[in-house]
There are 2 protein chains.
Amino acid sequence: MKKEKVDRRVQYTKMILRQSLIELLEKNPISKITIKSICEKADINRTTFYAHYTDQYDLLAQIKQELFDDVSVYLTNFTFHENESESVQLLNKIFEYIKQNSKICSVLLNDTTDTAFHEQVMVIVQKLCMEQLTKKSFNQNIINYIISFAATGSMGLIRKWLDTGMKEPTYTMAEIILKLTNQGLTAFV
Amino acid sequence: MKKEKVDRRVQYTKMILRQSLIELLEKNPISKITIKSICEKADINRTTFYAHYTDQYDLLAQIKQELFDDVSVYLTNFTFHENESESVQLLNKIFEYIKQNSKICSVLLNDTTDTAFHEQVMVIVQKLCMEQLTKKSFNQNIINYIISFAATGSMGLIRKWLDTGMKEPTYTMAEIILKLTNQGLTAFV
DNA sequence: ACAAAAAATCAACACGCTGTTTAGTAACAA
DNA sequence: TTGTTACTAAACAGCGTGTTGATTTTTTGT
């Protein structure tokens, strides 16, 4: 399907509005950011803003969606090493992506689970569960609780890693998540 | 220290404003709730609102703080059974509290970790870690990651339990959290 | 090169909400 | 009963929003 060419003015407008919101979010919560302030920073007319977005929350949602798409592409274009767990490689890629894009990730991973990473980690954890919980018949609700625990926990861990300067190697972090998901504290005893 | 008696008018004003915001939050996010709408619902003058709160975010923060204090008191006034893990009993109390106050908890546990429960669960998990990770010398950062994983994961699990109608008994949920924290998926194999 | 279309700008407008001030009223506590 | 405190009501200036219509600029297609 032929990709429709987007007018260069539209590309610029969206790029500069997104960049402006990201920069404002570094210092303020979304609730304190006005459309007026975004447009002033971007040097874009307010009517132009309304031509593309409903409000600042819509703009933020579209930034997140763009990130989601970018992460999906990033993880899809990937060749696994045969001699390693696929999960640990995928988690490693996620941490690598976050490290490469730490500025925008710091802003977007704000006490929220509706991010691209949460969904990707959900998929990984679900796969692990399916691999390990096949011998017993479990209540689907319990499985969902387990998945929620591991996926949300991973986001909390990722948040912490971001907030404390990302000192540890990405592969180490991927291993920690896998260990905690599979064996909890006993993996570290 | 003698507890200062609060004027009944102030007690009523704060109670009705808090209740009004909670009810509005059932249907709308905080960003869409105006001070005007809170005051209309409460039938309280706007100047009175400003006498007590800075804005709707301040009101919400104080509601959360009140909940935090209430939870702390609830968990402190508690006698442990000797023949059971203290952690599972505390977790059970947390789930009981949430069940008894599910209306306000549904509203307040909104993709956020800055809640009373997160902090309480942090304390429990920290204790578990201290109990089990004493034989080895771990990087404090790694311990913090483990705590973040388990505490945030617990919040995700609690959120899920709330969202799906709280069908399972509170004690079952407490046990699931403990199992996942201690042994991860292997506890369910 | 030129014309049509698209995107952005500009100015204006009505509206809604905010945050403050002042005077008056009602409730509370001593 | 009285003084104090808390709340109400009205008014106000200011700010931001969302929309409209005309104009300008840029882009695209012929």
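Letters go in sequence order (proteins before strands), and every chain restarts at 1. Heavy-atom basis, side chains included; hydrogens, waters and symmetry copies ignored.
Whole-Å rounding puts the B:Arg8 CZ to C:dA26 P distance at 18 Å. Between the CZ atom of A:Arg46 and the P atom of C:dC13 there is a distance of 15 Å, given to the nearest Å. Taking atom CG of A:Asp7 as the reference point, atom P of C:dT9 lies 13 Å away to the nearest angstrom. One can place CG of B:Asn45 at 15 Å from P of C:dT21, the figure rounded to the nearest angstrom. With rounding to whole Å, A:Gln11 atom CD is found 17 Å from C:dA6 atom P. The nearest whole Å value for the distance from the CG atom in A:Asp55 to the C1' atom in C:dG16 is 16 Å. When rounded to the nearest whole Å, the span between CZ of B:Phe49 and P of C:dC17 equals 14 Å.
For the contact set between residues 18-41 of chain A and DNA chain C, defined by any heavy atom under 4.0 Å, there are no members.
For A:Thr48, whose side chain is taken as the heavy atoms from C-beta onward, the closest listed nucleotide among C:dA8, C:dT20, C:dC10 is C:dA8. Which of C:dA8, C:dT18, C:dA11 sits closest to the side chain of B:Tyr50 comes down to C:dT18.
First and last contacts of DNA chain D with chain A, using any nucleotide atom under 4.0 Å from a protein heavy atom and ordered 5' to 3', fall at D:dG16 to D:dT28.
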Identify every side-chain donor-acceptor pair in residues 174-189 of chain B under 3.5 Å, counting partners at least two apart or on other chains, and give the distances.
{"residue": "B:Thr181", "atom": "OG1", "partner": "B:Ile177", "partner atom": "O", "Å": "2.8"}
{"residue": "B:Asn182", "atom": "OD1", "partner": "B:Gln132", "partner atom": "NE2", "Å": "2.7"}
{"residue": "B:Asn182", "atom": "ND2", "partner": "B:Leu178", "partner atom": "O", "Å": "3.2"}
{"residue": "B:Thr186", "atom": "OG1", "partner": "A:Asn182", "partner atom": "O", "Å": "3.4"}
{"residue": "B:Thr186", "atom": "OG1", "partner": "B:Gln183", "partner atom": "O", "Å": "2.5"}

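With hydrogens and angles ignored, no donor-acceptor pair under 3.5 angstrom links the side chain of A:Arg9 to the base of C:dA8.
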Quiz item: Would A:Lys127 and A:Glu86 count as a side-chain contact (heavy atoms from CB on, under 4.5 Å) if you check the C-alpha gap in whole Å, the side-chain angles of each, and the deciding distance to 0.1 Å?
Solution: CA-CA 10 Å; A:Lys127 203 176 177 204; A:Glu86 196 167 297; 3.2 Å; yes
Quiz item: Would A:Glu168 and B:Tyr145 satisfy side chain to side chain donor-acceptor pair (under 3.5 Å), going step by step from the backbone distance to the final call?
Solution: CA-CA 11 Å; A:Glu168 295 79 8; B:Tyr145 292 139; 2.6 Å; yes
Practice problem: List the steps and the verdict of side chain to side chain donor-acceptor pair (under 3.5 Å) for A:Asp55 and A:Tyr50. | Solution: CA-CA 7 Å; A:Asp55 54 24; A:Tyr50 287 111; over 6 Å; no
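Paired with B:Tyr74 under the rule ring-ring contact (aromatic ring centres under 6.0 Å, His included), one option of B:Phe68, B:Tyr97, B:Phe95, B:Phe117 passes, and it is B:Tyr97.
Checked by atom type and distance alone, the side chain of B:Ser20 pairs as donor or acceptor with a backbone atom of B:Ile16 at under 3.5 Å.
Between A:His52 and C:dA8 there is a side-chain polar atom (N or O) within less than 4.0 angstrom of OP1 or OP2. Within the 4.0 Å cut-off from OP1 or OP2 of C:dA8, at least one side-chain nitrogen or oxygen of A:Thr13 is found.
Counting any heavy atom pair closer than 4.0 Å across all strands shown, A:Thr47 reaches a base atom.
Between B:Glu96 and B:Lys99 there is no salt bridge, since none of the side-chain N atoms of the basic residue sits less than 4.0 Å from a carboxylate O of the acidic one.
In this structure, a donor-acceptor pair under 3.5 Å is absent between the side chains of B:Asp7 and B:Gln11.
When all heavy atoms are compared, the tightest approach of B:Ile124 to B:Leu90 is CD1-CB, 3.9 Å.
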